[in-house]
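A short write-up of the structure that comes next.
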Amino acid sequence: MSTASGSNRSRLQAIARRAMLERGLLPEFSAAARAELAALTAAAPVDDAAVRDLRDRLWCSIDNDDSRDLDQLSVAESRDKGVVRVLVAVADVDALVKPGTAIDDHARTNTTTVYTAAEIFPMLPEKLSTDLTSLGEDDDRLAMVVEMDVTSDGEVAASNVYRAAVRNRAKLAYNGVAAWLEGNASAPERLAAVKGLDDQLRMQDRTAQAMRRRRFAHGALTLGSTDAHVVFDGDTLADVRSDEQNRAQALIEDFMIAANGVVARFLRAKGLPTLRRVLPVPTRWPRIVQIATEAGGHLPAEPDAAALEAFLTDRRTADPTGFADLSLSIIKLLGSGAYAVERPGATADGHFGLAVRDYTHSTAPNRRFPDVITQRLLKAALNGGTAPYGLDELDELARHCTEQEDDASRIERQVRKSAAALLMASRVGQRFDGIVTGASSKGTWVRLLRPAAEGKVVRGERGLDVGERVHVELVHTDVDRGFIDFARV
């Protein structure tokens, strides 16, 4: 497991482990899982007559700077009449992690990798997720490939899914690729070292942007990131900063959304159930309408994703500084996504925020168990077999995966809040500007603009609602519980 040293980090690590146990997630692998892992000494062989050999393509990965659990690669090919064929290769985790094994049981229990500031709790042992089932640079690996023919206006005109052998030619990072694409830096060293990869990535970027424009035209929401990361200076906690999406992250996001849509439709066409990722129409739409009105905009009385996107686009231009706070309010009011089973012949909800009807999770099997489930369903479809999971079992898995993902998010948020409380402990009595992020019978919460810390309003909270700007004074912190208490000024 990935751990961190130093007094601040050690304290946060203890908090993270306690939170894992309190939420019913396993921080350690069982003895049986460790024994199974010891018996795995090599990646799955790629010399299989049933898989295509695509190792000659200019595949590359783009991920976080420090990521080693590489789930997907991408490559693009120019076709006739302006069509670009995009290939997304997804790590074949199921080739080594079989149903009913102790390793699979651990993954099925946790359902996700938990990323905390103090320690990463991987869903799969790191020997697998960062090596034997990771699409590492210069490694030959089995993959599930999603093939998409994309027109010049971003439409997926044709698609296919199949198994293949692939090889990652370059392990790249979001920040370096984004700076290069935007003309703010030279090509990263590994990108420049692979002949033709620069043109290849520019083709991917152009195609992804066309796909994004098409999604937004259909009502996909342009929301700013509300994620935050903890910054250490050596072993000392230094800051909690908000994250912003860059161009390379957007490229990968667009390809993954499209690939997940292809997979969902592929399984439906084969008559198999699918584990969908859904976000229903928001129940708090009237409050979203009110926020839009207060910002000088207008939304219809009934939920309308396209109208909301038009409002967000206008506000991003009119008030770029305040857009992140507006986004945070809208995200809170939209609610969280969930997993749901679409039975053959039936129709599940779509994803309101992405403005897509068909959406599953299939592109991160090293990190998410729903993606492993989908991978097994895909293999059954390709082999002409029946679903490896019964409908009742899938329903239970959908419920469990939703709950565990929500709990994993709470754990990650708990550690960030504890880190923020640790950072703020010496600032009791100081005043800050913030925005209301939650208002219910359970309490009212405010997120500071800087640093990116969130706390509860314990005095003067009456009448506050999500999206309101507020001035608060820090009155108390509790690092172990991650409490930051404010009084409204």
Before giving the answer on salt bridge (Lys or Arg N to Asp or Glu O under 4.0 Å), spell out for Arg399 and Asp406 the whole-Å C-alpha distance, their side-chain angles and the decisive distance to 0.1 Å. CA-CA 11 Å; Arg399 181 198 60 76; Asp406 289 346; over 6 Å; no

So Val88 and Val262, side-chain contact (heavy atoms from CB on, under 4.5 Å) or not? Walk me through it. CA-CA 11 Å; Val88 174; Val262 167; over 6 Å; no

For Leu334 and Ile288, what are the C-alpha separation, side-chain angles and deciding distance, and is it a side-chain contact (heavy atoms from CB on, under 4.5 Å)? CA-CA 9 Å; Leu334 287 174; Ile288 295 176; 4.1 Å; yes

Would Arg57 and Val166 satisfy side-chain contact (heavy atoms from CB on, under 4.5 Å), going step by step from the backbone distance to the final call? CA-CA 8 Å; Arg57 305 297 202 276; Val166 298; over 6 Å; no

Could you go through the side chain to side chain donor-acceptor pair (under 3.5 Å) check for Ser409 and Glu405 one step at a time? CA-CA 6 Å; Ser409 295; Glu405 182 184 83; 5.7 Å; no

Test log, rule side-chain contact (heavy atoms from CB on, under 4.5 Å), inputs Phe369 and Asp104: CA-CA 9 Å; Phe369 194 67; Asp104 185 68; 3.4 Å; yes

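From Asp138, atom CG reaches atom CZ of Arg167 across 7.5 Å, with rounding to the nearest 0.5 Å. In this structure, OG in Ser61 is found 13.0 Å from CZ in Arg68, a value given to the nearest 0.5 Å. Atom CD of Gln200 sits about 8.0 Å away from atom CD of Glu77, to the nearest 0.5 Å. Between atom CG of residue Asn168 and atom CG of residue Leu135 there is a gap of 7.0 Å, rounded to the nearest 0.5 Å. Put simply, CG on Leu132 and CG on Asn366 are 10.0 Å apart, with the number rounded to the nearest 0.5 Å. Interatomic distance, Leu267 CG to Thr274 OG1, rounded to the nearest 0.5 Å: 6.5 Å.
You'll find the side chain of Thr347 reaches within 4.5 Å of the side chain of Arg357, heavy atoms only. Under the 4.5 Å side-chain criterion, counting only non-hydrogen atoms from C-beta, Arg169 is not in contact with Val75. Using a 4.5 Å heavy-atom cutoff, the side chains of Arg447 and Lys332 are not in contact. Between Leu12 and Thr116, every side-chain heavy-atom pair lies at or beyond the 4.5 Å cut-off. Between Asp153 and Arg214 the shortest side-chain heavy-atom distance falls below 4.5 Å. The side-chain heavy atoms of Arg17 and Glu28, taken from C-beta on, include a pair separated by under 4.5 Å. Residues Leu275 and Leu397 are not in side-chain contact: their nearest non-hydrogen atoms beyond the backbone lie 4.5 Å or more apart. In this structure the side chain of Leu382 reaches within 4.5 angstrom of the side chain of Met144, judged on heavy atoms.
Taking a cutoff of 4.0 Å between a charged side-chain nitrogen and a carboxylate oxygen, Glu309 and Arg212 do not qualify as a salt bridge. The pair Arg343-Asp395 meets the salt-bridge criterion, since a charged nitrogen lies less than 4.0 angstrom from a carboxylate oxygen. At a threshold of 4.0 Å, the pair Glu137-Arg190 counts as salt-bridged, since one of the basic side-chain nitrogens sits closer than that to a carboxylate oxygen. Under 4.0 Å is where a charged nitrogen must lie from a carboxylate oxygen, and between Glu454 and Arg416 no such pair does. Electrostatic pairing of Asp407 and Arg410 counts as a salt bridge here, judged by a charged N lying under 4.0 Å from a carboxylate O.
Screening Arg18, Arg23, Glu22 for a side chain to side chain contact (heavy atoms under 4.5 Å, CB included) involving Ile411 leaves a single residue, Arg23. When each of Thr130, Val97, Val372 is paired with Leu124, the side chain to side chain contact (heavy atoms under 4.5 Å, CB included) condition holds for Val97 and for no other.
Here the side chain of Glu119 pairs no donor or acceptor atom with the backbone of Gln13 at under 3.5 angstrom. Arg367 places a side-chain N or O within 3.5 Å of a backbone atom of Asp69 that can act as its donor or acceptor partner. Side chain of Thr113 to backbone of Met123: a donor-acceptor contact under 3.5 angstrom is found. Checked by atom type and distance alone, the side chain of Trp285 never pairs as donor or acceptor with a backbone atom of Asp304 at under 3.5 Å. For the pair Glu36 (side chain) and Ile103 (backbone), a donor-acceptor distance under 3.5 Å is present. Using a distance-only test at 3.5 Å, with no hydrogens or angles considered, a donor-acceptor pair links the side chain of Asn110 to the main chain of Leu26. A side-chain donor-acceptor contact under 3.5 Å links Glu412 to the backbone of Tyr115. With hydrogens and angles disregarded, a donor-acceptor distance shorter than 3.5 Å links the side chain of Trp59 to the backbone of Leu54.
Counted within 6.0 Å of NZ on Lys127, heavy atoms from surrounding residues, nucleotides or ligands total more than 12; the atom is thus considered enclosed.
Across every non-hydrogen atom of Ala89 and Ala143, the tightest pair is CB-CB, 3.9 Å. Nearest heavy atom pair, residue Ala42 against residue Leu96, reads O-CD1, 3.9 Å. The two residues Ala305 and Leu221 have their closest heavy-atom pair at O-CD2, 3.6 Å. The shortest heavy-atom contact between Pro273 and Leu391 is CB-CD2, 3.8 Å. Closest approach of Ala258 to Met211, counting heavy atoms only: CB-CE, 3.2 Å. Listed here is the closest heavy atom pair of Gly353 and Leu279: N-CD2, 3.6 Å.
For residues 85-99, the pairs satisfying side chain to side chain donor-acceptor pair (under 3.5 Å) are Arg85-Asp149, Asp92-Arg163, Asp92-Lys379, Asp94-Arg376, Asp94-Lys379, with sequence neighbours left out. Residue pairs that meet the ring pair (Phe, Tyr, Trp, His ring centres under 6.0 Å) test with at least one member in residues 73-112, sequence neighbours left out, are Phe29-His106. Applying the ring pair (Phe, Tyr, Trp, His ring centres under 6.0 Å) rule to pairs touching residues 60-89 yields nothing, sequence neighbours excluded.
Inspection of the Asn260 and Ser362 side chains reveals an N or O donor paired with an N or O acceptor under 3.5 Å. With 3.5 Å as the limit, one finds no donor-acceptor pair spanning the side chains of Asp371 and Gln375.
Considering only residues two or more places apart in sequence or on other chains, Tyr359 meets the ring-ring contact (aromatic ring centres under 6.0 Å, His included) condition with His351, His361. Under the rule for a side-chain hydrogen bond (donor to acceptor under 3.5 Å, both in side chains), Arg206 has no partner lying at least two apart in sequence or in another chain.
Tyr339 does not carry Arg276 over the face of its six-membered ring by the limits of under 6.0 Å from the centre and within 45° of the normal.
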Residues 171-186, side-chain donor-acceptor partners within the protein, below 3.5 Å, at least two apart:
residue : atom : partner : partner atom : Å
Lys171  : NZ   : Ser67   : O            : 3.0
Asn175  : OD1  : Asn246  : ND2          : 3.2

